[in-house]
Protein chains: 2
Amino acid sequence: MTRGKAKDPDRGVRLLWGETEHDPRPGLSLVRIVRAAIELADEEGLAGLSMRKVAERLGFTTMSLYRHIPGRDQLVDLMRDEVMGERPAAPAAAGRAAGEPVPSEEPLGESGEHVADERAGRVRAEPSGGGWRARLETCAREGWELRRRHPWLAEVRGTRHIPGPNVIAHYEYMLSVVADTGLPPGEVIAVVGLIGRFVDAEALLLVEVAQAERHSGVSEQEWWGTQGSLFERLDRYPTLSRLWEAGGWDHPEDSFEFGLARLLDGVELLIQQRDETRDENALCKECGTPVDRAPSGRPRAYCSRACQQRAYRKRRSP
Amino acid sequence: MTRGKAKDPDRGVRLLWGETEHDPRPGLSLVRIVRAAIELADEEGLAGLSMRKVAERLGFTTMSLYRHIPGRDQLVDLMRDEVMGERPAAPAAAGRAAGEPVPSEEPLGESGEHVADERAGRVRAEPSGGGWRARLETCAREGWELRRRHPWLAEVRGTRHIPGPNVIAHYEYMLSVVADTGLPPGEVIAVVGLIGRFVDAEALLLVEVAQAERHSGVSEQEWWGTQGSLFERLDRYPTLSRLWEAGGWDHPEDSFEFGLARLLDGVELLIQQRDETRDENALCKECGTPVDRAPSGRPRAYCSRACQQRAYRKRRSP
DNA sequence: ACCTCACTGTTTATGGCGTACACAATGTAT
DNA sequence: ATACATTGTGTACGCCATAAACAGTGAGGT
């Protein structure tokens, strides 16, 4: 894979961000290829996605695809951005980033004001109440939901995938949610990355199970049953055996829900810590110099008795 | 991949758990193949690991490998277990699970008491002070370290890899560490899985960067620089721009350290909650019946005023 | 000594993959 | 009408895993 050279390195960007030339003519077109590829990947997974099969599904030869797309990698980028444009559940109108839904060919929703000169990807409709935690959780859940519809999304690996408008819109929104917490920039980015990678990792787990079941014809349980002689050897591991007998594997936690809760808890703790630190490093309300924090007790508002007194006098007789 | 049928489903288990037949004869052997494969994967990644190249490296034909190993998948299983047997940093002697280091051919360490009838994998030397958190963190760090030595380890995907003795020993140890916290079985397993998947996901990130750099010859920075026209389009995303200008990407957090800290914080919180719950569900100190928890305030020690009074009298005049 | 047989390595072949390259058909601009 | 850009096709290359048939080699039994 990815053996092709980049004769025109900008081609990938333009395909994703360029105005969609939706010609109703017969024959191949970018969107048709992308659509067919998504269908195929939905059915057979990303490993089952091949240029040959996409072409077959469209009734063309393999090489015809290359007249529209530089190669397989760019096709995947386009597929990713396409599905990221699907609305999560309730349809949403334009947002603050000059939005207009991007799903090509037919926006499917009622057309709002057209901006059309540049695509900016689908963005969230409104802040949609709740604190950062509820919103971040919703983001994670929508990502999870999306990956249940399009499992291959979690299989997309590699760091050099060009983000399209919809991918960026998602990213922008998540960043804005976390940025509202007042965390420093580096940590905002880290939190968003952490959550995103978590969702992907968990989704990948499910994909792998499904994939193995599909193309082996044997369910996960049955398959492990086949490896009977393995389990006999596990008796000598005390913790393993104890947990097994306690039914730990019979009633497993939902690993997505469990992990998400732990992760959000961890982030919440970080935010609390930062808040405290900020308070402790607060400036004197009177003179502006930094207040040194006390080892315990209520954080001080003034740097010295003198300032405290000055402020008191001001309050009494302004 | 994985197109071979399982004529002998137990073969995989026996290869991993069977006594190592280390024949010093010339020619091929299981261990030689596994060693060569590990070298190759260390250099070229799991995607670069092919039966052809392994055979070439050993000076045999491709098909000769199949006389010793059912297929590529099983080879990967064997490689995984092999490297899991490497000692983390300080060499460790036998543990409680009838340990003996498994790294085949030559154990490399000073031989302790031989048990030898069955392999049980390398296990930790001792509880090695510190609470669950320090120990779990050490586990994660060792996993991280191992994946830096053998990056392909993170690339091993799929749910149907048979664990060998060393893999199981690691798992057993992590389970025991978390089990010590008193969490219910399902949650113990969930925590260990969560941490494990996190380490893998983060390691995979690095692998992907390195891999892309290696076989494209262009560094990550340079490559993204090539996509210049992308960044021009990102100006209209407010949060993205703000974080960019604030230098969020210039001084990024160490995503492994950051994520691990959040994760452990989240787990710690869970454990605290469970402890409180346990206290709240504590039994009456006098009569033993469960105490119903109050919505707020100090948890009650007695189920009723009557029991509280009885206990008080006992204390006064025993 | 001879035959048998298991073990080990080789040769050949099949079907899959991404894509480079030369060629053909078609519609548009000059 | 001619030149040209666009679009689709056919062939070919090198890579992958592995199935199947074949060949050499040494051990055991007769």
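Chain identifiers are assigned alphabetically (A, B, ...) following the order of the sequence lines, protein sequences preceding nucleic acid strands; residue numbering begins at 1 within each chain.
- Of the candidates dG9(C), dC21(C), dA19(D), dC21(C) carries the atom nearest the Met63(A) side chain, counting heavy atoms from C-beta on.
- Distance CD (Glu44(A)) to C1' (dC17(C)): 14 Å, rounded to an integer number of Å.
- Taking the six-membered ring where the residue is Trp, Trp17(A) and Tyr237(B) present perpendicular rings, their angle passing 60° and hence far from 30°.
- The residue among Arg67(A) and Met51(A) whose nearest nucleotide of DNA chain C is located toward the 5' end is Met51(A).
- The shortest distance between the side-chain N/O atoms of His68(B) and the OP1/OP2 oxygens of dC7(C) is not below 4.0 Å.
- Across all non-hydrogen atoms, the minimal contact from Leu234(A) to Ile168(B) is CD2-CD1, 3.9 Å.
- Looking at the side chain of Lys53(A), the nearest of the listed nucleotides dG9(C), dA17(D), dC17(C) is dC17(C).
- Considering only side-chain N and O atoms, Ser50(B) lies under 4.0 angstrom from the phosphate OP1 or OP2 of dC16(D).
- Looking at heavy-atom distances under 4.0 Å, Leu49(A) makes contact with sugar-phosphate atoms alone, never a base.
- Contact between the side-chain N/O atoms of Arg52(B) and the OP1/OP2 oxygens of dC16(D) is found at a separation under 4.0 Å.
- Although no hydrogens or angles enter the test, the distance criterion places no donor-acceptor pair under 3.5 Å between the side chain of His150(B) and the main chain of Leu146(B).
- Atom CG of Asp73(B) and atom C1' of dC16(D) are 13 Å apart (whole Å).
- Leu65(B) comes within contact range of no nucleotide atom at all, as no heavy-atom separation falls under 4.0 Å.
- Using bins of under 30°, 30° to 60° and over 60° for the plane-to-plane angle, the ring pair Trp144(B)/Phe256(B) lands in the parallel bin.
- Residue Thr61(B) places none of its side-chain N or O atoms closer than 4.0 Å to OP1 or OP2 of dG9(C).
- Tyr66(B) comes within contact range of at least one nucleobase, with a heavy-atom separation under 4.0 Å.
- One interatomic measurement links the two molecules: NE2 of His215(B) to P of dG18(C), which rounds to 15 Å at whole-angstrom precision.
- Remark: the Arg72(A) side chain and the dG18(C) base include no donor-acceptor N/O pair separated by less than 3.5 Å.
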